[in-house]
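Working notes for the structure below.
Order of appearance sets the numbers: ligands from 1, and atoms from 1 within every ligand.
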Amino acid sequence: MKILVDVHTHTVGSGHAYSTITENMKAASEKGLKIMAMTDHAPGIPGAPPRYYFDNLKVIPSEMFGVKLLKGAEANITSYEGDIDLPEDVLEKLDIVLASFHPPCIDFADQETVTEGLIKVMENPYVNVIGHPGDQRYPLDFEKIVLASKRTGTLLEVNNASLKPGSFRVGVKESLAQMLTYCKEHEVPIVLGTDAHFHTEIGELK
Ligand SMILES: [Zn+2]
Ligand SMILES: [Zn+2]
């Protein structure tokens, strides 16, 4: 399978990633990607940039080294009422918005609460992708989530970092097997992201 798009990458702007956007785009070009999304962490993560960082993304070219750049963000889901930590006037200017569960931003909860909360996030018209679903600390009813993806058009990510040995996310391989079985059954497409925090990881989806 030829990988053309990496929907999930971080730069030094995230506060705990170590390459610049120029280094990332160069790496994307060398890997043969056509499109790369820059999705730095939204303000809720310690060390992440303030909203002004996202307001000013216009200074970056939309194409570098023959690769199209989607200027985006990885927002934090901050409640089980569907809240995320970037305001609408920032979200509407971004090319792509991921929304993800991260432990510093939201407590763990039971499957029903997490599933219903995530469906509310998927109904937000500015959210394009759910980042790294499958961490069993945030348990999901995957049939409901896959059907919500089909209905809302919000895509589910298969995240390379979650599947790496040493990942701090729990039970992802088993969850994703379930998610992908429902995706196949209900004919729902998914997206692939590396969640690269260093340029050598861009486009690496092994
Ligand atoms: Zn994340
Ligand atoms: Zn990420």
Could you check whether Glu204 pairs with Lys31 (Lys NZ or Arg NE/NH1/NH2 to Asp/Glu carboxylate O, under 4.0 Å)?
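Yes, this pair counts.
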I'd like to know if Arg51 and Asp85 make a salt bridge, using a cut-off of under 4.0 Å between side-chain N and carboxylate O.
no
Give the ring-plane orientation class for His41 versus His197, where under 30° counts as parallel, over 60° as perpendicular and anything between as tilted.
tilted
Would you mind naming the N, O or S atom of Asp195 nearest to the Zn ion (ligand 2)?
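Atom name of the closest N, O or S in Asp195: OD1.
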Does any non-hydrogen side-chain atom of Lys164 lie less than 4.5 Å from one of Glu201?
yes
Indicate if the distance from the Zn ion (ligand 1) to the nearest N, O or S atom of His102 falls below 2.8 Å.
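Of the N, O and S atoms in His102, at least one lies under 2.8 Å from the Zn ion (ligand 1), which means yes.
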Shortest-distance N, O or S atom of Glu74 relative to the Zn ion (ligand 1):
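Minimum-distance N/O/S atom of Glu74 relative to the Zn ion (ligand 1) is OE2.
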Where the Zn ion (ligand 2) is the corner point, what angle links NE2 of His8 with NE2 of His10, to 10°?
100°
